[in-house]
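These notes concern the structure reproduced below.
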There are 2 protein chains.
Amino acid sequence: MKLSTRTRYGVRLMAALALNYGQSPVFLKNIAKGENISEKYLSLIIIPLRRIGLVNSIRGAHGGYSLAKDPSQITMKEIVDVLEGDCSLVDCVKNPSTCPRVPICASHDIWAIIGGKISETLSSITLDMLVKMNQEKVGNAMMLNI
Amino acid sequence: MKLSTRTRYGVRLMAALALNYGQSPVFLKNIAKGENISEKYLSLIIIPLRRIGLVNSIRGAHGGYSLAKDPSQITMKEIVDVLEGDCSLVDCVKNPSTCPRVPICASHDIWAIIGGKISETLSSITLDMLVKMNQEKVGNAMMLNI
DNA sequence: TATCATTACTATCGATTTGATAGTAATTAA
DNA sequence: TTAATTACTATCAAATCGATAGTAATGATA
């Protein structure tokens with residue numbers, strides 16, 4: 001039940017964009033440097049985030065990426081859902097037709113309950129909160145490395 | 001963040017044992033038949049459950065398995081923890097030393113919060129509850145196939 | 001004691017997933 | 001036209017996963 005590296009990197013990527021919200025677009029190169037993650041890998045991860053409208057991109061020289069919404073309007077659930085597939089613990093919760101046991105299976109119901117809790121928690125945390133937690137944790141020092 | 005088949009099977013295995021709690025030990029063969037899961041595979045899954053003292057085993061002819069505790073005293077968290085490794089979403093929550101970013105990383109804290117919610121929820125659900133949910137869902141009919 | 005049914009353990013395998021890299025195309029400011 | 005950037009597609013090695021196979025140990029019973 002571990003999160004993929006893709007999702008973990010994606011969250012850090014979004015946090016980095018949140019830091020620059022309202023300013024000019026950021027080069028992925030710089031985020032990659034600041035977060036010490038391969039730029040190529042990040043460039044794959046950002047695609048679905050752009051596709052669902054969380055990120056805007058500008059191509060060409062002096063292009064870059066920026067958040068499409070205010071960080072207070074973006075939740076962790078949106079990010080996890082798109083990068084992880086969804087945030088349920090078993091496939092049969094999102095796609096009940098994939099398992100014939102669903103109608104007679106109580107553990108399915110358990111996983112649905114727990115998945116609900118996870119969704120609830122993820123929905124309650126915004127990018128904005130993540131950025132603020134970061135500031136409280138390390139001050140403004142680390143913020144400038146982007 | 002999907003649960004492994006191992007964990008899902010393990011929960012069903014424990015539920016089957018819970019149905020027979022207080023009676024004579026059950027042959028894995030019969031549980032395997034009732035749940036339509038490979039007996040060999042189940043025999044691997046049950047080992048850690050026995051090691052942490054959730055299950056008792058008797059070897060030899062007329063052997064079998066039985067729950068070591070009352071189903072109301074066994075939580076889903078115990079089962080998931082031993083079969084899944086632990087119930088955190090990232091390694092750095094359980095083993096902070098594995099990641100140098102922990103002291104400066106707010107997303108680590110987010111994952112810890114969510115992991116806490118998951119633990120909490122898993123701890124609140126007992127095997128007993130699972131069995132009762134099953135009975136409510138399908139009545140006693142399905143209960144007899146073990 | 002011999003037999004048979006059961007649990008216990010170890011090794012292995014094929015398929016899938018994962019994390020990552022590489023190369024090329026498209027776009028655009030200067 | 002050039003250089004810098006995003007967009008897309010393909011590929012790869014390693015790890016993980018689900019499952020199977022075979023053998024050893026145990027113990028009831030005939």
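By convention in this document, chain letters (A, B, ...) are assigned in the order of the sequence lines, proteins followed by strands, and residues within each chain are numbered from 1.
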Nucleotides bounding contact with chain A, strand DNA chain D, heavy-atom threshold 4.0 Å: dA4(D) to dT9(D)
Exceeds 12 heavy-atom contacts within 6.0 angstrom, atom NZ of K69(A): yes
Side-chain donor-acceptor distances from residues 105-122 of chain A under 3.5 Å, at least two apart:
residue, atom, partner, partner atom, Å
H108(A), NE2, C92(A), O, 3.3
D109(A), OD1, K137(B), NZ, 2.8
D109(A), OD2, K137(B), NZ, 3.2
S119(A), OG, G115(A), O, 3.3
T121(A), OG1, K117(A), O, 2.8

Chi angles and distances behind the side chain to side chain contact (heavy atoms under 4.5 Å, CB included) call for K2(B), D91(A): CA-CA 8 Å; K2(B) 290 284 177 282; D91(A) 283 332; 2.9 Å; yes
If I take atom [atom1] in residue [X] and atom [atom2] in nucleotide [N], what distance separates them, rounded to the nearest angstrom?
X      : N       : atom1 : atom2 : result
R8(A)  : dT18(C) : CZ    : C1'   : 11 Å
L42(A) : dT21(C) : CG    : P     : 11 Å
I47(B) : dA11(C) : CD1   : C1'   : 13 Å
K2(B)  : dT18(C) : NZ    : C1'   : 15 Å
F27(A) : dA29(C) : CZ    : P     : 12 Å
N30(B) : dA5(C)  : CG    : P     : 14 Å
R59(A) : dA25(C) : CZ    : P     : 13 Å
E39(B) : dA5(C)  : CD    : P     : 13 Å

Phosphate-side-chain proximity, S57(B) and dT7(C), N/O vs OP1/OP2 below 4.0 Å: no
Select base, sugar-phosphate, or nothing to describe what [X] touches, counting heavy atoms under 4.0 Å on all strands.
X      : result
L44(B) : base
R50(A) : sugar-phosphate
R51(A) : sugar-phosphate

Candidate pair V55(A) and M14(A), rule side chain to side chain contact (heavy atoms under 4.5 Å, CB included), full reasoning: CA-CA 9 Å; V55(A) 170; M14(A) 291 296 282; 3.7 Å; yes
Side-chain heavy-atom pair V11(B), M76(B) within 4.5 angstrom cut-off: yes
Pairwise distance CG(L28(B)) to OH(Y65(B)) - rounded to 0.5 angstrom: 5.5 Å
Rounded distance (nearest 0.5 Å) linking atom CG of L49(B) with atom OG of S57(B): 11.5 Å
Earlier contact from the 5' end, DNA chain C, for I58(A) and R6(A): R6(A)
5' precedence on DNA chain C between H62(A) and Y65(B) (nearest-nucleotide basis): Y65(B)
